[in-house]
Amino acid sequence: MEFKTIIEPFRIKSVEQIQLSTAEQRQKFIREAHYNPFLLRSNQVIIDLLTDSGTSAMSADQWAAIMRGDESYAGAESWYRFESAVSDLTGMPFILPAHQGRAAERILYSIRGGKDKMFVSNTHFDTTRANIEFTGAMAMDIPVKESANFSSEERFKGNLDLKLLEDQILANGPENMGGVIVTVTNNSGGGQPVSFSNLKEVSRICRQHNVMLILDACRIAENAYFIREFEKGCEQYSYSEIARMMCDLCDAVIMSAKKDALVNMGGFLALRDKKLADECIQSLIITEGFTTYGGLSGRDMEAIAVGLKEVFNPDYLRYRVRSTGYLGDSLKKSGIPVMSPSGGHAVYIVASEFYSHIPVNQYPGQTLVCELYKAGGIRAVEVGSVMFGKYDEKGDLIPARYELVRLAIPRRVYTQSHIDYVIEVCDHVYKNRKEARGMKITYEPGFLRHFTSRFEPV
Ligand SMILES: *Cc1c(COP(=O)(O)O)cnc(C)c1O
């Protein structure tokens, strides 16, 4: 008999106190943070769903491995354990450690990018896009059409549009393609998975035209879970076998270890081509560190090596995806517009529908993150025109494709009752939605503006 209550397949060994607050206190905190939850202090937050990045709880085995950290400058034992774990996952011969994902991105894209180069992706993550555009290259998102249909239950909405991929390669010329990036799961596109057959087709097209295929593998274990559960012909493979088969289709793998490696800091770049690896290594040594640590301490590398194995535990993956789905399904039952079906690491609320009375240039997503904080101390992130909007020559907003708010679930951190609290708070905010007002930007920087922009209610 299978019971319906989702239990965490772990128990708690060490606890971290949450500082509770009143609605009056939070009103003041968010005003002082200029209505940008990125500017709150973490102890002003009750449930922190800002990101699943670097917020995982580590296991007793990871903490034990940390004690084994070999901090030698060169050739540390910890490096060899890290390299072996990354090599088991990716099968790539050249592995470059980096202090986080974007450092690996900067190294690769500063070499592959440059003026007149074009990158296409199912959806570029914000740091990916910024690193590409910073070199003068262009980054174009070509997800499948179903990715824009928030109510369809289609399972692989993270897929890349194969027709547009071929069109772009032919229109730009293969020699001007910096690369094709497949992000698994598709973080900015709603945390939706990519099917194995889609990746296989992308790979075939890239190989046919001699275009580099890069896997952004931040959430590869969660993506492998969806493939094994929902794609015909894949159920005979284990989750880690599926992950390896995905890497085998690509020329490079970039991973922020802050996601599916279950650690708080780290990343890597794995490459198949020696010439490119040599160029990247030069940049690595100048900016990150020597080839056997690349900005990571020995203990970080130990924790990653253990985390990369633990994340493929079937009980863990099943709990992870079910618990995220439980949050999404419960919100939907309350009538809240969420992206369907729920992805692996997050639930996305469709803020433009939630606050249908707030126009896009008044940032309904920013309003929602502030209301969730004021009501229940929940910190979420806007994934809409604050994050991805641009301006035309006249200074008018070119809005993002969607106005979403992401509730990202840290790995192994919150319990089922925390999730029930989140559901209750969202419900309350939804019932009072008519009273909410839009936001205007009072300060913004040029790049990645969602991190430091300031707002005021209109
Ligand atoms: C987090 C993330 C990155 C960047 O990694 P950092 O470790 O935050 O620098 C790149 N791509 C995707 C899909 C991500 O989720």
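In each ligand, atom 1 is the first atom listed, and ligand 1 is the first ligand listed.
- The backbone and the side chain of R102 each have at least one atom closer than 4.0 Å to an atom of ligand 1 (non-hydrogen atoms only).
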| task | Decide salt bridge (charged side-chain N to carboxylate O under 4.0 Å, His left out) for R81 and D70; before the verdict, give the C-alpha distance in whole Å, the side-chain angles of both, and the deciding distance to 0.1 Å. | result | CA-CA 10 Å; R81 278 189 280 269; D70 174 355; over 6 Å; no
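- Here the heavy atom of the protein found nearest to atom 5 (O) of ligand 1 is S256 CB, 3.2 Å.
- Within the structure, side-chain hydrogen bond (donor to acceptor under 3.5 Å, both in side chains) contacts touching residues 379-389 (residues at least two apart or in different chains) are D48-R379, S385-E403.
- For A103, no nitrogen or oxygen atom sits less than 3.5 Å from a nitrogen or oxygen atom of ligand 1, counting backbone and side chain alike.
- Nearest protein neighbour of atom 11 (N) of ligand 1, counting heavy atoms only, is D216 OD2, 2.7 Å.
- Contact between C218 and ligand 1 is present, with at least one heavy atom of the residue lying under 4.0 Å from the ligand.
- The shortest contact between atom 4 (C) of ligand 1 and any protein heavy atom is with T127 OG1, 3.4 Å.
- Ranking protein heavy atoms by distance to atom 14 (C) of ligand 1, first place goes to K259 NZ, 2.9 Å.
- Formation of a donor-acceptor pair under 3.5 Å by the Q282 side chain with backbone atoms of E279 is not found in this model.
- At a threshold of 4.5 Å between non-hydrogen side-chain atoms, the residues K117 and I132 do not count as touching.
- Close approach to T183 involves these atoms of ligand 1, each under 4.0 Å from a residue heavy atom: 13 (C).
- Close approach of ligand 1 to K258 is summarised as follows: ligand atoms under 4.0 Å from at least one heavy atom of the residue are 7 (O).
- Ion pairing between a basic and an acidic side chain is recognised when a charged N comes within 4.0 Å of a carboxylate O; E231 and K200 show no such pairing.
- The protein non-hydrogen atom at the shortest distance from atom 6 (P) of ligand 1 is Q100 NE2, 3.3 Å.
- Taking the ring axis of F125 as reference, the NZ or CZ atom of K259 stays within 45° of it and closer than 6.0 Å to the ring centre.
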Less than 3.5 Å apart, which donor and acceptor atoms pair up between the side chains of residues 95-102 and the rest of the protein, not counting sequence neighbours?
residue : atom : partner : partner atom : Å
H99     : ND1  : E288    : OE1          : 2.9
H99     : ND1  : E288    : OE2          : 2.8

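- Under the 6.0 Å cut-off for aromatic ring centres, Y319 and F10 qualify, their centroids lying closer than that.
- Taking a cut-off of under 4.0 Å to the non-hydrogen atoms of E105, the atoms of ligand 1 that pass are 10 (C), 11 (N).
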